[in-house]
Amino acid sequence: MLTATDNKTYRTIRPKILYFGTPVALITTLDESGNANIGPMSSVWALGYKLVLGLGCNGKTFSNLLNQKECVVNMPSAHLHENIERIARLTGAYPVPDSKKALYTYEKDKFSAGGFTKMDSQTVRPPAIAGCPLQLEAILDNYTVLEYDENGDPGTAAVTVEVINVKAHEDIITGTDHINPEKWSPLIYNFRHYYALGEHLGKTFKAEV
Ligand SMILES: Cc1cc2nc3c(=O)[nH]c(=O)nc-3n(C[C@H](O)[C@H](O)[C@H](O)COP(=O)(O)O)c2cc1C
């Protein structure tokens with residue numbers, strides 16, 4: 001068992017990916033003809049009302065977000081992992097980019113493919129996903145390309161969006177404006193496996209509820 005003083009039993013390794021456990025988010029966007037897409041992703045973090053999204057530049061989510069400049073960052077509960085896996089091999093990009101052809105097929109309607117239901121957003125045009133207890137309506141702020149592919153095309157980018165409206169399901173709200181951590185359980189992507197949260201361990205000095 002690893003203790004707080006163990007400084008000996010470590011090895012240098014080179015894992016293919018460094019997905020050390022972040023929440024899954026489902027990004028809904030619209031294309032130029034108003035068709036809605038869902039992009040599952042997990043490289044997401046929040047600071048204040050800014051969110052940074054790590055996105056592949058060959059995906060439909062990235063191009064929709066750059067073109068239409070708005071999205072909903074839907075945060076699914078843990079129990080939605082099977083629906084998410086049903087759309088995991090799909091892309092809304094047509095034709096499927098060469099770099100995605102080996103693993104992905106085109107799907108125009110990921111809502112039907114994953115068994116998801118649209119619901120109206122309040123401040124942006126892309127629909128939200130019913131059953132996702134936290135829905136962050138956001139507009140494009142900026143982006144920075146992180147890596148270029150072998151052809152010199154943008155490969156991945158850090159996209160900053162600003163949350164302009166937060167919708168939360170009644171069940172996870174406490175008081176007027178707080179999320180109840182006892183009731184909200186994000187879906188965690190942990191080295192390509194899905195997990196729910198474990199037991200409650202404590203809270204930070206700044207916690208208000
Ligand atoms: C659980 C999960 C997490 C993922 N995380 C990311 C991510 O953080 N960034 C990303 O660009 N793609 C991520 N992907 C892959 C995209 O979902 C995939 O490329 C998909 O085809 C994107 O759809 P789109 O092309 O319609 O936008 C993830 C997929 C799954 C299932």
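As the structure lists them, so they are numbered: ligands from 1, and atoms in each ligand from 1.
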- prompt: Heavy-atom contacts under 4.0 Å between Tyr104 and ligand 1: side chain, backbone, both, or neither?
  reply: side chain
message: Give me the atom names and distance for the closest heavy-atom approach of Lys60 to Thr91.
response: N-OG1, 4.3 Å
- request: Would you mind telling me if ligand 1 is within reach of the side chain of Leu90, the backbone, both or neither, using heavy atoms under 4.0 Å?
  value: backbone
Side chains of Leu187 and Leu80 in contact at under 4.5 Å (non-hydrogen atoms): no
- prompt: For atom 27 (O) of ligand 1, which protein heavy atom lies nearest, and how many Å away is it?
  reply: Thr61 OG1, 2.6 Å
- line: If you scan protein heavy atoms around atom 25 (O) of ligand 1, the nearest is Thr91 OG1, 2.6 Å
- prompt: Taking distance alone, with no angle check, do Gly56 and ligand 1 share an N/O pair under 3.5 Å?
  reply: yes
Sub-4.0 Å atoms of ligand 1 with respect to non-hydrogen atoms of Gly59: 25 (O), 27 (O)
Taking every non-hydrogen atom, the tightest pair across Asn64 and Leu30: CG-O, 3.3 Å
query: Does one hydrophobic cluster hold both Ile172 and Met119, with members joined at side-chain heavy-atom distances below 4.5 Å?
result: no
statement: Residue, atom and distance of the protein heavy atom nearest atom 13 (C) of ligand 1 read Pro40 O, 3.5 Å
query: What heavy-atom pair brings Ile87 and Lys110 nearest, and what distance separates the two atoms?
result: CG2-O, 3.6 Å
- prompt: Looking only at distance, does Gly54 have an N or O less than 3.5 Å from an N or O of ligand 1?
  reply: yes
- request: Find out if a path of hydrophobic residues (ILVMFWY) with successive side-chain heavy-atom gaps under 4.5 Å connects Met75 to Leu55.
  value: yes
- request: Give a yes or no on whether Val24 and Phe191 share a hydrophobic cluster (residues Ile, Leu, Val, Met, Phe, Trp, Tyr; joining criterion: side-chain heavy atoms under 4.5 Å apart).
  value: yes
field: Non-hydrogen atom of Glu107 closer than 4.0 Å to ligand 1
entry: no
- prompt: Considering all heavy atoms of both residues, which atom of Ala168 and which atom of Ile179 are nearest to each other, and what is their separation?
  reply: CB-CD1, 3.9 Å
query: Taking N or O atoms only and a 3.5 Å limit, does Ala93 qualify as a polar contact for ligand 1?
result: no
- prompt: Do Val159 and Tyr49 belong together in a cluster built from hydrophobic side chains that touch within less than 4.5 Å?
  reply: yes
query: Where do Lys100 and Gly59 come nearest, in terms of heavy atoms and distance?
result: NZ-CA, 4.1 Å
message: Below the 3.5 angstrom mark, is there an N/O of Glu85, backbone or side chain, next to an N/O of ligand 1?
response: no
- line: Heavy-atom proximity to atom 7 (C) of ligand 1, picking from Met41, Arg192, Arg86, points to Met41
query: Would you say ligand 1 has an N or O under 3.5 Å from any N or O of Asn58?
result: no
task: Could you note down all residue pairs passing side-chain hydrogen bond (donor to acceptor under 3.5 Å, both in side chains) where residues 185-194 supplies at least one of them, sequence neighbours left out?
output: Glu85-Tyr194
task: Starting from atom 23 (O) of ligand 1, find the nearest protein heavy-atom neighbour and note its residue, name and distance.
output: Lys110 NZ, 3.0 Å
query: Do you know the tightest heavy-atom contact between Pro76 and Ala25?
result: CD-CA, 4.1 Å
message: Tell me whether Tyr189 has any N or O atom under 3.5 angstrom from an N or O of ligand 1.
response: no
- request: Heavy-atom contacts with Asn37 under 4.0 Å: which atoms of ligand 1 show up? List them by number with element.
  value: 24 (P), 26 (O), 27 (O)
message: Check this for me - ligand 1, Tyr194, N or O atoms closer than 3.5 angstrom, yes or no?
response: no
message: Against ligand 1, does Lys100 come closer than 4.0 Å with any heavy atom?
response: yes
message: I'd like to check which ligand 1 atoms, numbered from 1 as shown, lie under 4.0 Å from a non-hydrogen atom of Gly92.
response: 24 (P), 25 (O), 26 (O)
